[in-house]
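Throughout, numbering of the chain's residues begins at 1 and tracks the sequence. All values reported here derive from a predicted model rather than from experimental measurement.
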Amino acid sequence: MSRPRIKVFFDGGCRPNPGAIEAAAVIRGEAHVFADLGHGTNHDAEWTALVKALDLATSLGFRDIELIGDALPVVRQANAALKRGSALDRHEAAFLDLCRDAPPGRIRWIKREQNLAGIALARRHPR
């Protein structure tokens, strides 16, 4: 019997946009928040979150993972980069570098309100 893929939720943000980047990953119900990740746009933040999530999952020893995020352009770009096997920009290059040892089994999009990593980030900034 095969083991199910480990779901790894990711989300990134910056305040303001552009601004200070933060990211979160949720693995097996545990939130990991990364702050002070430099300065950039929301797009940079989402890519940073994807890379941080993949790096965290592999450092914890997980190999068969499913990356789940709410940034559709980033999900599409990451899937395209995996399929191509080459990078078109620095974000894709960082992602593909991590994929050499343990490529994700799947990268998929979900709605923002379903993203556990987004919920973890939102808790840092109560309204």
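Every side-chain contact (heavy atoms from CB on, under 4.5 Å) that Asn79 has, sequence neighbours left out, goes to Val75, Ile107. Applying the salt bridge (charged side-chain N to carboxylate O under 4.0 Å, His left out) criterion to Arg108, with sequence neighbours excluded, gives Glu66. Applying the side-chain contact (heavy atoms from CB on, under 4.5 Å) rule to Pro73 yields no partners; only residues at least two apart in sequence or on another chain are considered. In this structure Asp55 satisfies the side-chain hydrogen bond (donor to acceptor under 3.5 Å, both in side chains) test with no other residue, sequence neighbours excluded.
Trp109 and Leu54 fall within the same hydrophobic cluster, defined by Ile, Leu, Val, Met, Phe, Trp and Tyr side-chain heavy atoms under 4.5 Å apart, directly or through other members.
Sorted by first and then second residue, the pairs that involve residues 74-86 and meet salt bridge (charged side-chain N to carboxylate O under 4.0 Å, His left out), not counting sequence neighbours, are Arg84-Glu92. For residues 16-38, the set of pairs meeting the side chain to side chain donor-acceptor pair (under 3.5 Å) definition, not counting sequence neighbours, comprises Glu22-Arg124, Glu22-His125.
Side chains of Ile21 and Phe34 form no contact here, defined as non-hydrogen atoms less than 4.5 Å apart. Asp70 is listed as a side-chain neighbour of Glu46, based on a closest heavy-atom distance under 4.5 Å.
To the nearest 0.5 Å, atoms CG (Asn115) and CZ (Phe9) are separated by 7.0 Å.
Arg90 and Asp44 are joined by a salt bridge, as a carboxylate oxygen and a charged side-chain nitrogen come within less than 4.0 angstrom of each other.
Ring geometry for Trp47 versus His91: interplanar angle under 30°, hence parallel rather than tilted (30 to 60°).
Between the side chain of Asp11 and the main chain of Gly69, no donor-acceptor pair closer than 3.5 Å is present.
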